[in-house]
K.L.:
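After the structure tokens below, expect a handful of questions from me.
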Amino acid sequence: STLVMEQSKALAQQLLAIEAADDDKRIVQLYLQLLGRPPDDQELESCRAHLERYNIALQESGITGPGQTFQSWQSLCRALLASNEFIYLD
């Protein structure tokens, strides 16, 4: 949806604007923002793997540099926005 695309773009921009943050710190921040908790070890590894796979796919498509990084993070944000934990309340 357009809303999810807009929000994932805004989240990716916000995360990438955090100075001196590595991927793990950005993933933790994303989880805190969207789910109100830090990721567990398995979720952290899953997010790292998602970013790596997406980066590889973009490279194979000829997309590199800042655009590649942004699109990878936007994809991760979109995945979390579509997660059951984000959508449904317990």
Side-chain angles (χ1 to χ4, degrees):
S1 81
T2 303
L3 177 63
V4 172
M5 292 299 288
E6 290 172 357
Q7 292 305 305
S8 63
K9 181 179 179 180
L11 281 167
Q13 288 172 333
Q14 183 181 16
L15 292 168
L16 291 171
I18 300 172
E19 292 186 27
D22 59 16
D23 285 351
D24 286 358
K25 290 178 184 174
R26 288 185 174 108
I27 293 167
V28 169
Q29 180 61 35
L30 178 61
Y31 265 74
L32 289 171
Q33 258 183 276
L34 293 183
L35 306 177
R37 64 171 181 82
D40 63 28
D41 291 342
Q42 184 178 2
E43 291 166 329
L44 189 60
E45 182 55 38
S46 178
C47 289
R48 285 185 202 124
H50 177 95
L51 291 170
E52 183 178 341
R53 283 191 310 270
Y54 209 85
N55 272 317
I56 290 169
L58 289 171
Q59 283 177 336
E60 290 172 353
S61 298
I63 300 170
T64 59
Q68 175 188 12
T69 302
F70 177 77
Q71 287 185 41
S72 295
W73 277 96
Q74 186 177 10
S75 171
L76 180 59
C77 293
R78 198 169 44 246
L80 283 176
L81 285 168
S83 70
N84 283 339
E85 187 173 349
F86 180 76
I87 295 171
Y88 298 104
L89 295 175
D90 281 339

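Only this structure's heavy atoms are used, side chains among them; waters, hydrogens and symmetry mates stay out. The first residue in the sequence is number 1, and the count goes up from there.
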K.L.:
Under a 4.5 Å side-chain heavy-atom rule over Ile, Leu, Val, Met, Phe, Trp and Tyr, are Phe86 and Val28 clustered together?
P.N.:
no

K.L.:
For Leu80 and Leu30, work out which heavy atoms get closest and say how close.
P.N.:
CD1-CD2, 3.3 Å

K.L.:
A side-chain contact here means heavy atoms from C-beta on lying under 4.5 Å apart; do Leu34 and Leu11 qualify?
P.N.:
yes

K.L.:
Working to the nearest 0.5 angstrom, can you tell me the gap between Ser46 OG and Asp41 CG?
P.N.:
12.5 Å

K.L.:
Do the side chains of Ile18 and Leu35 join up, straight or via other hydrophobic residues, at under 4.5 Å, putting them in one cluster?
P.N.:
yes

K.L.:
Using the test side-chain hydrogen bond (donor to acceptor under 3.5 Å, both in side chains), find all partners of Glu43 that sit at least two apart in sequence or belong to another chain.
P.N.:
Arg37

K.L.:
Please list all pairs meeting side chain to side chain donor-acceptor pair (under 3.5 Å) that have one or both residues in residues 16-28, counting only residues at least two apart or in different chains.
P.N.:
Asp24-Arg48

K.L.:
Excluding sequence neighbours, so at least two apart, what forms side chain to side chain contact (heavy atoms under 4.5 Å, CB included) with Thr2?
P.N.:
Glu6

K.L.:
Give a yes or no on whether Met5 and Leu76 share a hydrophobic cluster (residues Ile, Leu, Val, Met, Phe, Trp, Tyr; joining criterion: side-chain heavy atoms under 4.5 Å apart).
P.N.:
no

K.L.:
To the nearest 0.5 Å, tell me how far Tyr54 OH sits from Thr69 OG1.
P.N.:
12.5 Å

K.L.:
Arg53: which residues meet the side-chain hydrogen bond (donor to acceptor under 3.5 Å, both in side chains) condition with it, sequence neighbours left out?
P.N.:
none

K.L.:
Hey, could you give me the CG/CD distance between Leu51 and Gln71, rounded to the nearest 0.5 Å?
P.N.:
13.0 Å

K.L.:
List for me each residue that meets side chain to side chain contact (heavy atoms under 4.5 Å, CB included) alongside Ser8, sequence neighbours excluded, and say none if there are none.
P.N.:
Gln74, Cys77, Arg78, Leu81

K.L.:
Who pairs with Glu52 by side-chain hydrogen bond (donor to acceptor under 3.5 Å, both in side chains), at least two apart in sequence or on another chain?
P.N.:
none

K.L.:
So if you build clusters from Ile, Leu, Val, Met, Phe, Trp, Tyr with side-chain heavy-atom gaps below 4.5 Å, do Trp73 and Leu44 land together?
P.N.:
yes

K.L.:
Please list, chain by chain and in numerical order, all residues satisfying side-chain hydrogen bond (donor to acceptor under 3.5 Å, both in side chains) with Gln13, sequence neighbours excluded.
P.N.:
none

K.L.:
Extract all donor-acceptor atom pairs below 3.5 Å that involve side chains of residues 57-64 and protein atoms in other chains or at least two apart in sequence.
P.N.:
from  : atom 1 : to    : atom 2 : distance (Å)
Ser61 : OG     : Ala57 : O      : 3.1

